[in-house]
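Reading through the structure tokens given below for one structure.
All figures in this text were calculated on a predicted structure; none of them were measured in a lab.
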Amino acid sequence: ALWALIFRGVLIPIFDDVRHPKAPSHLKDDNDWLKTTCFAALQSLTELFSHFFDILEFLLTEILDLLTSCITQEREGVARIGVTCVSQLITQTGDRFNANTWTTVCTCLQQLFDTTTPRQLF
């Protein structure tokens, strides 16, 4: 319960601006934040989750939702950060996934491919 409170009440809300982008007038501030803080913070969150995965597995869907919201953004910098963190999550934690966890991750990846495929080109 303490971990849930920490993640849901403190860590994940740090990325609310990434999940819910502001109006274009704040773009310079967003770019500064992305370059200086966002990548390091999201990568650290992913590392923390991976390190304590055995305890935090119940938060996997919320972490994947956060990373998915980054990947599906129109801002390329945020999307790249999200892709890097999903890759990091799977690389660092995949060997501890059970069948149900892999199903959750693969479903997320399938939805990402469906959402981000540039269909207008075909």
Side-chain angles (χ1 to χ4, degrees):
L2 178 62
W3 279 110
L5 180 64
I6 292 169
F7 268 80
R8 292 176 182 148
V10 178
L11 299 176
I12 292 176
I14 291 171
F15 302 98
D16 280 351
D17 288 343
V18 174
R19 295 177 74 173
H20 311 289
K22 299 175 188 174
S25 63
H26 299 341
L27 198 54
K28 183 184 179 331
D29 293 338
D30 285 350
N31 285 336
D32 291 343
W33 186 79
L34 286 173
K35 290 176 184 175
T36 60
T37 308
C38 183
F39 180 68
L42 197 57
Q43 193 169 30
S44 293
L45 177 73
T46 304
E47 287 177 12
L48 179 69
F49 181 80
S50 296
H51 184 76
F52 291 103
F53 177 75
D54 296 330
I55 299 168
L56 301 175
E57 183 176 0
F58 70 98
L59 292 169
L60 178 65
T61 303
E62 293 174 57
I63 297 296
L64 289 174
D65 287 346
L66 172 62
L67 298 177
T68 296
S69 69
C70 292
I71 293 169
T72 57
Q73 291 243 346
E74 291 183 12
R75 294 181 292 178
E76 185 178 349
V78 177
R80 286 179 187 234
I81 292 167
V83 169
T84 299
C85 289
V86 166
S87 176
Q88 174 186 342
L89 175 71
I90 293 170
T91 302
Q92 292 179 352
T93 318
D95 61 340
R96 292 183 273 162
F97 289 174
N98 60 33
N100 290 336
T101 305
W102 273 115
T103 298
T104 300
V105 171
C106 289
T107 300
C108 176
L109 291 174
Q110 180 181 3
Q111 290 170 348
L112 279 169
F113 286 128
D114 290 343
T115 303
T116 60
T117 299
R119 302 201 187 285
Q120 309 81 298
L121 298 176
F122 298 108

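- The nearest pair of heavy atoms linking R96 to S50 is NH2-O, 2.5 Å.
- Taken to the nearest 0.5 Å, the CG atom of L64 stands 11.0 Å off from the CG atom of L59.
- T72 and S69 get closest at one heavy-atom pair: OG1-O, 3.5 Å.
- The CG atom of L112 sits 4.5 Å away from atom CD1 of I71, with the distance rounded to the nearest 0.5 Å.
- Linking Ile, Leu, Val, Met, Phe, Trp and Tyr whenever their side-chain heavy atoms come within less than 4.5 Å puts I12 and V10 in one cluster.
- Counted by atom type alone, T68 and Q111 present zero donor-acceptor pairs between their side chains at under 3.5 Å.
- Under the 30°/60° scheme for interplanar angles, the aromatic rings of F52 and W3 are found to be tilted.
- Under the 3.5 Å distance criterion, with hydrogens and angles disregarded, a donor-acceptor pair is assigned to the side chains of N98 and T101.
- Rounded to the nearest 0.5 Å, atoms CG (L45) and CG (L89) are 9.5 Å apart.
- When hydrophobic clusters are built by joining Ile, Leu, Val, Met, Phe, Trp and Tyr residues whose side-chain heavy atoms come closer than 4.5 Å, directly or via intermediates, L5 is not grouped with I55.
- Summarising the geometry of E47 relative to Q88, their closest heavy-atom pair is CG-NE2, 2.8 Å, with the distance given to 0.1 Å.
- Annotation: side chain of L60 is in contact with side chain of F49 (closest heavy-atom distance under 4.5 Å).
- Using a 4.5 Å heavy-atom cutoff, the side chains of T46 and T84 are not in contact.
- Residue V78 is tested with R80, E76, R75 for a side chain to side chain contact (heavy atoms under 4.5 Å, CB included); the sole match is R75.
- In this structure, the side chains of L67 and I63 come closer than 4.5 Å at one or more pairs of heavy atoms.
- The OG atom of S44 sits 13.0 Å away from atom NE2 of H51, with the distance rounded to the nearest 0.5 Å.
- Ring orientation note: the planes of F97 and W102 are nearly perpendicular, at an angle over 60° on the 30°/60° scale.
- Shown here is F58, whose CZ atom has more than 12 heavy atoms of other residues, nucleotides or ligands within 6.0 Å.
- Nearest heavy-atom pair across L56 and L48 is CD1-O, 4.2 Å.
- Heavy atoms only, all atoms of each residue included: C70 and G82 are closest at CB-CA, 3.9 Å.
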